Amino acid sequence: MERQMFCFQCQETAGCKGCTMVGVCGKKPDVAAMQDLLVYVSKGISAVTTALRKEGQTVAPEINHLITLNLFVTITNANFDKESIEARIRATLDAKQELLARLKDTAGLPDAALWDGAGDWEEKAGTVGVLSTENEDIRSLRELITYGLKGLSAYSKHANALLQDDEEVDAFLQRALAATLDDSLSADDLVALTLETGKYGVSGMALLDEANTTAYGNPEITRVNIGVGKNPGILVSGHDLRDLEMLLEQTQGTGVDVYTHSEMLPAHYYPAFKKYPNFVGNYGNAWWKQKEEFESFNGPILMTTNCIVPPKDSYKDRMYTTGAAGYPGCKHIPGGIGEQKDFSALIEHAKKCAPPIEIETGEIIGGFAHAQVFALADKVVDAVKSGAIKKFVVMGGCDGRAKSREYYTEFAKALPKDTVILTAGCAKYKYNKLPLGDINGIPRVLDAGQCNDSYSLAVIALKLKEVFGLEDINDLPIIYNIAWYEQKAVIVLLALLYLGVKNIHLGPTLPAFLSPNVAKVLVENFGIAGIGTVEEDMKLFFGENA
């Protein structure tokens, strides 16, 4: 059967090779084509902005934001709305023409920088997608960099929403995007650029960490209710804290409660959000269970970022999108950086809905970002020195629907009682409700927050290295067993590699976009490995007596 599309950017890509007829995520070929074209024009405008900077000219923040949001729109499960993607392509082409007019020397610009949008867009998309790079290893490295940049764009966009920018990060993102068009770059050049992407991944996560903590305070140990109240509610999913803040402000006194879902759970850890009496708790689990959980919630759902599963008809009319997110037939709430969004439609909708159906009760504990862990540093260090804590296991990353991901639940259950799990991202839902207990009052699952809060895990590791007087971060009693799904996990991985972390285990499968030769480089230089069975990995990490 003739290939209709090609996409292999997520862990669940068909056969661990690539989706060719329709995306496992639900993305259709025409949407995939427009996403390919949006990436292409984003690379083109980035070549222009990079050339402008070389001439000493400035690039407006609005252009940086445009490119950042373009990449975010193409992340797995973010936007399925062809019309909105086409609108972004048009806006990018218009902005590029204005920038080209300012450029003194256009010689040497790639075709993507000069294309004016003429011709059939789907036909054009077919010539500029992933497979347009013929050499398998160059293609692999270009996509590894591009996917890392997509992850970086997500973190930059959230910081931008809180009016925080880093021109150096933006300039690098655009320079690296443009470099993926440069046929003169060798595999070695692209490997170096891959590590540089990790460097700026650290910077991007640090920027967002500063933006979040400046706006909302440092996360603190918090017990989060997972039951429901008696009022109608609005469920907020995705990652954008500024969207949540605006919604909470607008729901005060309305009789409508607000709940988090999936990656929004860590919002409860920030002091600033605790002042809202209608901020009730967290409803449900990781993103992939939303079909059942959105149905039983009864009220409107606000998708602030990626993690959309194509909705069932039973609740599609209750699903709203905003920011980078989009789905055809779902109402989109507009509003750019620094603008006040109007959530009155959701609030009025919620008032007409029944309260959520309770699907579980109790509490889960979180809030162990770096500042909170540093506050407990003496306790943690004493537990390590006394032998009460023998090892830490970093189990951050993503959750997903593949049955093979049950490995992470069983792995957590099988861990020796003197180990502590450090986590961030929705991977936590594989074990954050297990009765794993504590060690001298320290919970055995320390949840730092969202996927971007993997920054906290790196900062904690660097602090422990300093406390114990070690020269190499790899001498710490830390095991890295990370689950990945999409592009934000890719930038976290590259950031860890840049920081010098080795012997990271990645699962449930290694990325399909790693060619055999590129995978070999990662294995030989960084000790990257896959996962085995729980029993095999227990022996690998803890010895024969595990």
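Please read all numbers here as calculations on a predicted model, not as lab measurements.
One side chain, His370 or Asp209, offers a donor N or O that lies under 3.5 Å from an acceptor on the other. Under the 3.5 Å distance criterion, with hydrogens and angles disregarded, no donor-acceptor pair is assigned to the side chains of Lys351 and Thr254. A side-chain donor from one of Thr260 and Asn282 sits under 3.5 Å from a side-chain acceptor of the other. For the residue pair Glu167 / Asn64, a side-chain donor-acceptor distance below 3.5 Å is found, with atom types taken as modelled. Donor-acceptor pairing under 3.5 Å is recorded for the side chains of Ser42 and Asn70. Side-chain N/O atoms of Asp165 and Asn160 include a donor and acceptor closer than 3.5 Å. Looking only at atom types and distance, the side chain of Thr49 has a donor-acceptor partner in the side chain of Gln174 under 3.5 Å away. With no hydrogens or angles considered, no side-chain donor-acceptor pair links Glu168 and Ser203 at under 3.5 Å. Side-chain contact annotation: Gln97 with Asp116, donor-acceptor N/O pair under 3.5 Å absent. In this model, no donor atom of one side chain and acceptor atom of the other lie less than 3.5 Å apart for Gln290 and His261. No hydrogens or angles considered: a donor-acceptor pair under 3.5 Å links the side chains of Trp288 and Asp399.
Taking 4.0 Å as the cut-off between side-chain N and carboxylate O, Glu295 and Arg318 do not count as a salt-bridged pair. Salt bridge status for Glu249 with Lys275: absent, with no side-chain N to carboxylate O gap under 4.0 Å. Look at Glu486 and Lys150 and you find no salt bridge, because none of the NZ, NE, NH1 or NH2 atoms lies under 4.0 Å from a carboxylate O.
Between Tyr259 and Phe297, the ring planes are perpendicular. Angles over 60° get that label, and only those under 30° would be called parallel.
Distance check: Thr251 OG1 to Asp257 CG gives 8.5 Å after rounding to the nearest 0.5 Å. Taken to the nearest 0.5 Å, the NZ atom of Lys428 stands 5.5 Å off from the CD atom of Glu263. Rounded to the nearest 0.5 angstrom, Asn212 CG and Asn452 CG are separated by 6.5 Å. Of the inter-residue distances, the one linking Tyr485 atom OH with Cys10 atom SG reads 4.0 Å to the nearest 0.5 angstrom.
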>> As a quick check of understanding, evaluate side-chain contact (heavy atoms from CB on, under 4.5 Å) for Val228 and Val280, giving each step before the final call.
In response: CA-CA 7 Å; Val228 299; Val280 173; 6.0 Å; no
> Are Leu71 and Tyr147 close enough, and set up right, to give a side-chain contact (heavy atoms from CB on, under 4.5 Å), and what steps lead you there?
Replying inline: CA-CA 9 Å; Leu71 290 190; Tyr147 301 154; over 6 Å; no
> When you look at Glu196 and Arg175, which way does the salt bridge (Lys or Arg N to Asp or Glu O under 4.0 Å) test go after all the steps?
Replying inline: CA-CA 11 Å; Glu196 193 177 7; Arg175 172 167 62 84; 2.8 Å; yes
>> Quick one, Leu244 with Leu248, criterion side-chain contact (heavy atoms from CB on, under 4.5 Å). Give me CA distance, side-chain angles, the key distance, then yes/no.
In response: CA-CA 6 Å; Leu244 175 65; Leu248 284 168; 3.9 Å; yes
>> Walk me through whether Glu292 and Lys289 qualify under salt bridge (Lys or Arg N to Asp or Glu O under 4.0 Å).
In response: CA-CA 6 Å; Glu292 296 75 26; Lys289 290 190 174 182; over 6 Å; no
>> Let's go through Asp447 and Tyr269 carefully: what are the C-alpha distance in whole Å and the side-chain angles of both, what is the deciding distance for side-chain hydrogen bond (donor to acceptor under 3.5 Å, both in side chains) to 0.1 Å, and is it a yes or a no?
In response: CA-CA 10 Å; Asp447 175 21; Tyr269 310 156; 2.5 Å; yes
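By the neighbour-count criterion of 12 heavy atoms within 6.0 Å, atom CD of Glu123 is sparsely surrounded, having that number or fewer from other residues, nucleotides or ligands. The neighbour count for Glu55 CD, taken as heavy atoms of other residues, nucleotides or ligands under 6.0 Å away, is above 12. Around CG of Asp182, the count of heavy atoms belonging to other residues, nucleotides or ligands within 6.0 Å exceeds 12. Around the CG atom of Asp94, the shell of radius 6.0 Å holds more than 12 heavy atoms that belong to other residues, nucleotides or ligands. Atom CZ of Arg90 is surrounded by more than 12 heavy atoms from other residues, nucleotides or ligands within 6.0 Å. When the shell of 6.0 Å around NZ of Lys331 is examined, it contains 12 or fewer heavy atoms from other residues, nucleotides or ligands. A 6.0 Å sphere centred on NZ of Lys274 holds more than 12 heavy atoms belonging to other residues, nucleotides or ligands. Open room surrounds NZ on Lys28; 12 or fewer heavy atoms of other groups in view lie less than 6.0 Å from it.
Within the structure, the ring pair (Phe, Tyr, Trp, His ring centres under 6.0 Å) test picks out the following pairs touching residues 329-357 (sequence neighbours left out): Tyr320-His349. Contacts classified as ring pair (Phe, Tyr, Trp, His ring centres under 6.0 Å) and involving residues 200-222 (residues at least two apart or in different chains) are given here: Phe172-Tyr200, Tyr216-Phe273.
Minimum interatomic distance between Met303 and Ser237 (heavy atoms only, all atoms of both residues): SD-CB, 3.6 Å.
Annotation: cation-pi pair Lys463/Phe374 present, NZ/CZ under 6.0 Å from the ring centroid and within 45° of its normal.
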Check residues 29-41 and write down every donor-acceptor pair under 3.5 Å in which the side-chain atom is one partner and the other belongs to a residue at least two apart or another chain.
from  : atom 1 : to     : atom 2 : distance (Å)
Gln35 : OE1    : Lys27  : NZ     : 3.2
Gln35 : NE2    : Asn79  : O      : 2.9
Tyr40 : OH     : Ala112 : N      : 3.3

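With His239 as the fixed residue, the side chain to side chain donor-acceptor pair (under 3.5 Å) test singles out one of Lys488, Gln450, Lys157: Lys488.
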